[in-house]
Every structure is written in structure tokens, then in C-alpha cells.
Amino acid sequence: MSTIRTRFAPSPTGFFHIGSARTALFNWLFARHTGGKFILRVEDTDKERNNDQYLQVIYDSLKWLGMDWDEGPGIGGNYGPYKQSERADVYQDYLKKLTATGRTYEKDGAIWFRLEGERYTEYDSFLKKEVEKVKAAPVTINDLIRGKVERAEDRDFVIVRNNGEPVFHFVNVVDDIAMEMTHVIRGEDHLSNTSKHVELYNALGAPVPAFAHIPLILKTDGPGKMSKRDRGALIEEYQSRHFLPAAVRNYLCLLGWTPKDGREVLPIGDIIDQFELSDVHQANARFDEKKMAFINQQHLRALPLETFAWLATPVLQQAGLVSDTTNENYLQSVLALCQEKLPGLENLADISRYFFTDDFPYDEEARAKISKKSDPAIRIRQLIPALEKLQKLDDADIDAAINDTASANGAKPGDYFAPLRFAISGVGGGPHLHDVVRVLGKDRVIARAKKFTGE
RNA sequence: GUCCCCUUCGUCUAGCCCGGUCCAGGACACCUCGCUUUCACUGAGGUAACUGGGGUUCGAAUCCCCAAGGGGGCGCCA
């Protein structure tokens with residue numbers, strides 16, 4: 001059995017769309033699952049958009065998402081070159097082959113592919129003009145996801161523009177033949193065009209690869225597929241928001257495919273093990289940012305602390321909360337507290353600010369909520385003497401301080417928790433209060449408590 | 001317009017191939033309650049779907065047909 005060869009063939013546009021990412025991902029997963037090859041081929045025939053910066057976006061995004069290619073730019077391989085802009089001679093060769101079959105002709109300076117079948121002229125309501133049509137025999141596409149799809153082309157089509165540039169349908173097929181692709185895995189938006197491609201394979205006498213048309217990713221709300229303008233559509237957005245690439249990749253897998261073992265959050269190795277093209281869904285999926293964020297949080301929490309710290313530290317540095325002079329042990333204890341409850345790294349700075357500066361804001365909504373029960377300033381004033389007596393700062397120690405103060409003032413322990421948290425952190429929520437007190441340290445807690453009461 | 005693809009909770013989906021175990025399961029989101037010793041959290045619970053209509057069958061989410069709805073293609077874009 002010959003090796004499975006799949007490819008991802010993006011064109012450099014300057015951004016990396018989430019739909020492209022998932023197409024690449026499914027190709028990559030299939031190759032890795034089957035022990036085949038994953039090839040990167042750049043479709044940079046559009047000269048205007050062909051520059052290195054745009055190419056770099058593709059490479060960076062693929063690498064960020066952990067998709068390595070076995071052949072392609074920067075790697076090489078036996079089927080190069082891997083940029084269409086460098087393959088003009090290949091297209092010429094194949095054009096000659098095709099011309100030799102008598103299936104091409106020139107019209108208006110362009111080269112057209114001729115379908116076989118009875119010809120007639122008809123008004124086309126889409127093109128809004130009279131066009132020559134052909135009663136061609138339908139071709140059957142054996143799609144690994146959709147089964148047999150039958151479709152007939154009904155018009156000859158251009159394969160080389162009048163400026164000499166070959167068009168997508170032609171170069172795509174030629175490259176897939178020349179690079180001996182066994183599986184073409186791409187978005188469903190290409191399904192209708194596949195009949196053109198099969199016509200070309202047949203005319204060139206080349207074996208038709210297996211096709212797999214994956215469902216599209218639709219906008220969160222509103223009609224149509226995700227476009228680059230939609231929120232969440234671009235991979236660079238997740239990079240800049242400090243999403244974990246493993247989480248983005250994990251979520252993307254869930255759009256149109258479900259792991260057999262029922263888990264939603266799982267390591268990539270397990271996904272590779274379970275991935276089968278035949279299990280890919282047929283229906284389009286709608287993008288859900290909240291679910292993505294959830295998956296991200298799950299991955300974040302599963303990280304070993306050292307890894308989390310390694311990722312989180314630059315985020316805090318960027319926010320100006322941490323510098324080279326920050327105490328390393330202190331930073332580690334703060335991060336240990338934050339990790340377990342952090343929604344995402346993008347929230348880290350906001351959530352942990354009070355650990356790094358005394359100049360933190362007070363959340364007035366939280367203040368209002370706490371004040372409904374009792375005046376927090378009064379509670380804190382009552383609590384300060386007990387805080388000053390703290391010794392070990394362990395749970396029992398802190399509980400004792402609160403319990404004693406409560407009974408001395410005819411209140412419940414619960415009356416002190418929220419005020420204390422608010423006084424020392426300015427917010428209504430966060431890590432376990434005992435841990436916050438312990439990490440901040442007795443001196444800082446007392447100083448903030450006093451400041452809070454206005455002393 | 002035409003051709004192709006699709007159709008289970010708001011969303012992602014399980015189940016569908018091999019009809020009965022499904023008055024349809026899970027997850028996200030949402031809502032409620034509890035922990036009245038907090039919580040970005042945790043625990044418990046809840047609302048919520050087989051697009052519609054025909055057929056086949058003792059029996060259909062599951063098979064067939066039609067309709068409707070959604071998506072995509074139809075370019076000398078990719």
C-alpha cells in the first residue's frame with residue numbers, strides 16, 4: 001500500500017482564518033493517524049499578494065498550532081518546489097499534455113477546457129447572458145465524508161487566463177497529481193467544484209484522489225460562514241489574547257468531529273489516535289467563543305505549575321506588574337493560586353493586580369453588595385486586633401482570628417470573610433481567602449486593612 | 001435562478017449505518033438553590049431538541065418520499 005499523502009494549500013493573504021486552520025488540522029490529523037505525509041503547498045499565484053510577510057503568517061500560525069509539515073517550504077521534499085509561483089514549468093508541461101488530448105481550445109485569449117457532450121445555448125440567470133452549455137455526463141465523487149456525490153458540469157471553463165496565468169482549478173489538480181496526493185481534504189465550499197477537478201483528472205489520465213469535504217464553520221449568529229471580519233475568526237487573535245494553542249487546536253477538532261471516547265478536553269496524541277475521516281460530520285458547525293474559552297480554561301488548569309508559570313510570567317511582565325526585581329518565590333505562590341481558577345491568561349493581569357501593587361482599584365459593585373450586610377469598614381476595624389495577633393497564618397490561625405472576633409462582636413464568622421477579602425484585594429471574588437492572606441503576608445494584610453478603615 | 005451538500009436542546013453533539021433498551025444522553029451557555037467560611041470556583045438541581053408532512057412497520061430520531069429551512073458552488077478569485 002502506498003503512503004498516504006495529504007496537503008494543506010493556503011494562499012498567503014496576510015491572515016490565517018480559523019476555517020483554514022481547521023482544514024489544515026484535519027489533513028494533519030489524518031496524516032498523523034495513518035502514518036502518512038502532511039505537505040504544505042503555498043498557492044501564491046496571485047502576484048499582488050505574494051510577499052514574504054504574508055507567507056510568514058502561514059508558517060507561524062501552523063507552527064503555533066503545532067502542525068508540522070513533512071514536505072514544503074523550509075523543509076523541502078522530493079516533489080518541490082512547494083510554492084506555486086515557482087512551478088510555472090510544471091503547469092506548462094501539464095498544459096501540453098492536456099492540449100495533446102484535444103480537450104483544450106483558445107477563446108478570447110484564454111485557454112479553455114472542453115467538456116464532452118451535446119452542446120446547446122441557453123440564457124443563464126446567474127451570469128445573466130446567453131451561454132453555451134454542455135450536456136456532460138455526471139461525474140461521481142467518492143467522498144469519504146459524504147459518500148457518493150454525483151454532479152455534472154455544464155459549461156467549459158477557463159484553465160489559463162488571457163494574461164497567461166493558470167487558474168486555481170487547473171494548478172490545484174496539476175499539483176495534486178504531480179505531488180501524488182492520495183487524499184484531498186478541504187472545505188465543503190469546494191464540493192461543487194470537484195466535478196471540474198475530476199474532469200481534469202480524467203482528461204489527464206491521472207488517478208483521482210480520495211476526497212473528503214469537511215463542513216464549514218458558521219458565524220456565531222447571523223447567516224453564513226465565518227468571515228475574516230467576524231470576532232474569533234483569525235488565529236492571530238488567539239495568539240494575542242494568550243490562548244493556549246493546544247486549546248485552540250482542541251476546540252477546532254470539536255467543530256465537525258467528536259472523539260469516540262466522549263471526552264471533549266484531551267491531549268493531541270489521543271486525538272490523533274482516535275481521528276477517522278469517516279467520523280467527520282456532514283453538517284456545518286457554528287462557532288462558539290464561550291465553549292472555546294471553556295476548553296482553554298480546562299487546558300490551563302491541567303498545566304503543570306512550572307509550565308503555567310513559564311507562560312504566565314511574560315503576560316504579567318507585559319502588563320507591567322512583574323519585573324526582574326520581583327521576588328521569584330512570591331511570584332510562584334501567586335501564580336499557584338491564580339492557576340486553578342483563572343478563566344484565561346488574558347485575564348491574569350486584571351485578576352492578580354492586587355498581589356503586585358497596593359494601588360489596586362476597588363470594585364464598587366462588590367462594595368455595594370458587601371455593604372448590604374454590614375458596614376465593611378466597621379467589620380475590618382473589629383478584625384484588625386485579631387489580625388495583629390496572627391502567628392502562623394495557617395487556616396486554623398486565620399479561622400480563629402475571625403471566629404474570636406465574630407463572637408466578641410455578636411456576629412457570625414461569615415460577616416467577616418467578604419469584608420476582609422474586599423479590604424485587601426478590592427474585589428468580591430478570587431482564590432480561597434486563607435490563601436490570599438497567607439500569600440500577601442501579615443504586614444501587607446494589616447496595612448491594607450488599616451488603610452481601608454481610613455486609619 | 002440553477003446545481004450540490006446539510007437538518008437532534010440557544011450552541012457543540014451522542015444515538016441513526018444494524019428500527020424497539022430514547023417520554024432522546026453528554027458538554028458549553030443560561031436559570032435556581034446550597035455551601036449562610038469566601039470564590040474567577042465548587043456541589044445539587046432545572047429549563048431546553050428529534051424542522052414539517054406523508055409513507056413502510058406491531059413499532060421510527062433511526063428506513064423511503066416530498067416540502068420547508070440552512071449552507072455552499074455556479075468568476076479569465078482561491
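From a predicted model like this one, the values you see are computed outputs, not experimental measurements. Chain naming here is simple, since letters A, B, ... match the order of the sequence lines and numbering starts at 1 in each.
Partners of A:E276 under the salt bridge (charged side-chain N to carboxylate O under 4.0 Å, His left out) rule, at least two apart in sequence or in another chain, do not exist in this structure. With sequence neighbours left out, the salt bridge (charged side-chain N to carboxylate O under 4.0 Å, His left out) criterion links A:D261 to A:R263. In this structure A:D154 satisfies the salt bridge (charged side-chain N to carboxylate O under 4.0 Å, His left out) test together with A:K133, sequence neighbours excluded.
Note on A:R161: a side-chain N or O is less than 4.0 Å away from OP1 or OP2 of B:rA78.
No contact: A:I295 has no heavy atom under 4.0 Å from any strand. Heavy atoms of A:N193 sit under 4.0 angstrom from at least one base atom. Residue contacts shown for A:N172 are absent, as no nucleic acid heavy atom lies under 4.0 Å away. A:R186 comes within 4.0 angstrom of nothing in the nucleic acid, heavy atoms only. Residue-level contact check: A:N162 touches the bases, meaning some heavy atom is under 4.0 Å from a base atom. Here A:G224 lies in heavy-atom contact (under 4.0 Å) with sugar-phosphate atoms only. Using a 4.0 Å heavy-atom distance criterion, A:E340 is classed as making no nucleic acid contact. A:D399 comes within contact range of at least one nucleobase, with a heavy-atom separation under 4.0 Å. Counting non-hydrogen atoms under 4.0 angstrom, A:A110 reaches a base of the nucleic acid.
When the nucleotides B:rC28, B:rC76, B:rG73 are ranked by their closest atom to the side chain of A:D189, B:rG73 comes out on top. Looking at the side chain of A:L433, the nearest of the listed nucleotides B:rU38, B:rA78, B:rC28 is B:rU38. The listed nucleotides are B:rC76, B:rA27, B:rC12; the one nearest the side chain of A:E264 is B:rA27.
Atom P of nucleotide B:rC41 and atom CD1 of A:I351 are separated by 9 Å, given to the nearest angstrom. Rounded to whole angstrom, the span from the CD1 atom of A:I145 across to the P atom of B:rG71 amounts to 20 Å.
The shortest non-hydrogen separation linking A:L300 to A:G344 is CD2-CA, 3.6 Å.
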Identify all side-chain donor-acceptor contacts of residues 348-356 of chain A below 3.5 Å with residues at least two apart in sequence or on another chain.
unit_1 : atom_1 : unit_2 : atom_2 : d
A:D350 : OD1    : A:R353 : NH1    : 3.3
A:S352 : OG     : A:L348 : O      : 2.8

Give every donor-acceptor pair under 3.5 Å between a side-chain atom in residues 411-420 of chain A and any protein atom, sequence neighbours left out.
unit_1 : atom_1 : unit_2 : atom_2 : d
A:D415 : OD2    : A:K412 : N      : 2.9
A:Y416 : OH     : A:R379 : NH1    : 3.4
A:Y416 : OH     : A:Q382 : OE1    : 2.7

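Judged by centroid separation below 5.5 Å and plane tilt below 30°, A:F126 stacks onto the base of B:rC74.
Not one N or O on the side chain of A:R367 forms a donor-acceptor pair closer than 3.5 Å with the backbone of A:D363.
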So which protein N/O to nucleotides 14-17 of chain B N/O distances come out below 3.5 Å?
unit_1 : atom_1 : unit_2 : atom_2 : d
B:rA14 : OP1    : A:H281 : NE2    : 3.1

